[in-house]
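The structure under discussion appears below in the form of structure tokens.
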Amino acid sequence: MRGTMKHSTKRGSAEEQVRSTGSVLLQEIRRPGGFFLALVVGGTLSYTRRFESVANYIPFIVPYLVSVLTRSVVRLKGRRREMLLDLPAYRRDPAFIMDCEGRIVASAGETEALFAREGIDHLDQLLQGPEECSAGSALLGDNRDKPDYPFYSPVTNRWYSVQLRGDRRESDWLVWLDDVTERVHLEERKDALREFTHRLQHELLERETGHSDDTRLAQLLLSEGYQAVMLARLDAPGDGPVPGGNASAHGTVYTADGASHGPVTIAAGAEAPIMRSRREGRAIWDDARSWASRSEFERTYPVLPDVAAILGSPVLNFANYHSGDVSIIAFNKAGRLNSGDIAILESAADTAVTAFSLLDLARRADRRFIQSIHGVCAAAEYSDELTGGHIWRVNDYSRHIAETLGLDPLQCEELGTVAALHDIGKVAIPHLIKLERSLTGDEREEMQMHTIYGTQIVDRMRITSGESDPRLQMASEIALHHHQHWNGTGYPGLIADDGTMIAPRSRDIATYRRLRPAREQEIPLPALIVSLADKYDALRSCRQYKPAFSHKKVRDLLARDDRSGLVGAEVFGSEVFQAFMDTHRELERIFQEGQTEVLCDSEMKP
Ligand SMILES: [Fe+2]
Ligand SMILES: [Fe+2]
């Protein structure tokens, strides 16, 4: 709201004062009448008394100087009176004359009384400057011609726009203030409403969940100075925007102390204002002080007993508006309600209803997305050698490791949703999944192709949905890279001799034989996380070719693989492996809680 201004120096103001006062003196010195009068008087005295040396000139100078000074003072005072006369005879807002250093030199009427009462003799005592700048510097500095922002006065507790009359050659300034407090408050409310809208948009875009939209709306309204705000939703929204007396509503009352109370039920046909507003389809607001008696006000606008109990004090004013199936009723605003308050209430309700609808749509779309992911994963798990919730646990481990790494909460949530798709490519090699013997070399190579098939399947999902959902992009990268190793000893081969990564479109194993695997930063971080999560759960689980290992043994194997001799940082990167070591107990908890398969080995004990 406040602008920034350059600081003027006090030295500059003082120089200007000398120049302004000097200009008046200079004008008087140049007056021909004064000069000749001094010449005649001084010459006469000099001739009759015959003074010697320098004393001969004194009679010339003294009367002349007296004349000049007298006229200058009279002119300066006259101008101040003249300036004050320019003002309307009666002004409620302060008006006064100040010199070029901000000292108040003249005032009249109510302003004079105010200054006398508060002991004000300088502009800086009356007004605060913008930000760190004093009012005097802001108004009398280099930018003084354009003080187009409001100044706050701690003396009157009001905001003023400041008008100045004068110029750089003058030593005095006529200052008059116009009260713009209402405008400033309205701007502040608009800012608050804008911020509220942005917060809802942010939530919508970020797909955050678990926060109460109603609470946010109530907090915004309470910050407008109400004692309590009730938000209610119709139980029968199908009744239309003006449902008449056939619908009841449930509401929550939020109070300025941060508490929420409810639900409060509003019965169908209740005479509370909330139902009257619905019936009449408009905002209703009133103030008990506008009525002859409070009892008459209370009879006209009966308050629900529950709400009255929560308020603990009589209703002095209220404002009620509804939009869609959301009703807002705000109680006891400090001071009197005005049309600006109602505009804010209406705007808040309309914005909230639109945002709530969009949020609802986004959340429904989210649920559908998760449902389809779960469906695909369940189908894949059905034919996999792993049963008992392996892929769901990989989701949970991955989310937890990502959180430990300090990734963005949204990214953690997304990873915890799509990590389960990592082995989706195995649906393309059902003949290898349940073999009860060790794989041959060729079979092992074909098995490794599940990474390529997986990314192709997920990419097909992306193309079919016609959207570039970042979650499917992440899932595609995870499927492709979750068997890569940080030191470049994983699979599949993807990197050409010139260092570029090929697009994995081919289903031909030979295509990938010629290429080297990805390594280090070439591997997306989510894939490294899922790689560790996948391996932890596979080692902990019973397979046809191995028993289930204990948590301690798996931790040791991840730290150093006894067959390959690779240490954890070489496989998963030091960052991801360290995150595992920092939080491995949590993975153990997830395994125990998510364990549904029949345990097949005594080593299951942690
Ligand atoms: Fe895999
Ligand atoms: Fe897996």
Side-chain angles (χ1 to χ4, degrees), residues 373-402 415-435 438-439 443-459 474-486 489-494 504 507 509 512 517-518 523-546 548-549 554 557-558 561 563-564 566 571-572 576 580 587 590-591 594-597 600:
I373 295 291
H374 282 195
V376 171
C377 290
E381 189 181 47
Y382 192 75
S383 59
D384 201 344
E385 86 268 47
L386 289 171
T387 53
H390 162 74
I391 55 176
W392 311 120
R393 290 195 298 273
V394 171
N395 264 352
D396 292 342
Y397 303 137
S398 300
R399 183 190 290 110
H400 195 76
I401 295 171
L415 184 55
T417 303
V418 301
L421 285 167
H422 64 280
D423 273 340
I424 190 69
K426 285 185 180 175
V427 298
I429 44 172
H431 53 289
L432 296 177
I433 297 302
K434 292 188 176 174
L435 276 184
S438 300
L439 298 176
E443 286 169 344
R444 192 169 296 111
E445 198 177 20
E446 191 184 352
M447 173 68 97
Q448 291 180 357
M449 284 296 285
H450 81 276
T451 54
I452 302 292
Y453 302 148
T455 198
Q456 289 173 351
I457 290 169
V458 176
D459 284 346
M474 183 189 278
S476 173
E477 291 176 350
I478 289 169
L480 182 62
H481 291 284
H482 73 280
H483 287 289
Q484 303 281 17
H485 292 169
W486 182 260
T489 58
Y491 65 84
L494 289 172
R507 294 188 191 180
I509 294 175
Y512 305 97
I523 311 168
L525 181 61
L528 289 168
I529 293 171
V530 174
S531 171
L532 195 153
D534 184 33
K535 201 156 187 184
Y536 174 83
D537 199 78
L539 288 169
R540 295 244 38 207
S541 306
C542 162
R543 302 281 179 96
Q544 285 149 345
Y545 53 87
K546 67 169 269 300
F549 296 142
V554 172
L557 284 172
L558 292 176
D561 189 312
R563 285 193 297 180
S564 67
L566 294 177
V571 180
F572 311 108
V576 172
F580 165 72
L587 268 63
I590 293 168
F591 178 80
Q595 178 58 234
T596 56
E597 64 187 306
C600 62

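In listed order, ligands and their atoms are each counted from 1. FYI, side chains are in, hydrogens and waters are out, and symmetry mates aren't considered; it's all heavy atoms of this structure. Along the sequence shown, residues carry numbers from 1.
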- line: Across all chains, not counting sequence neighbours, the side-chain contact (heavy atoms from CB on, under 4.5 Å) partners of Ile452 are Met449, Gln456, Leu480, Pro492, Leu494, Pro504, Tyr512

task: Using salt bridge (Lys or Arg N to Asp or Glu O under 4.0 Å) as the criterion, list what pairs up with Glu443, not counting sequence neighbours.
output: Arg437

field: Closest approach to the Fe ion (ligand 2) by His390, given as the N, O or S atom name
entry: NE2

message: Suppose the cut-off is 2.8 Å; which protein N/O/S atoms would you list for the Fe ion (ligand 1)?
response: Asp423 OD1, His450 NE2, His482 NE2, His483 NE2

query: With ring centroids as reference points, do Phe580 and Phe572 lie under 6.0 angstrom apart?
result: no

field: Carboxylate-amine/guanidinium contact Arg393 Asp396, below 4.0 Å
entry: no

- request: Answer yes or no: is there an ion pair linking Asp537 with Arg540, defined by an N-O contact shorter than 4.0 Å?
  value: no

- line: Applying ring pair (Phe, Tyr, Trp, His ring centres under 6.0 Å) to His483 and not counting sequence neighbours gives His450, Tyr491

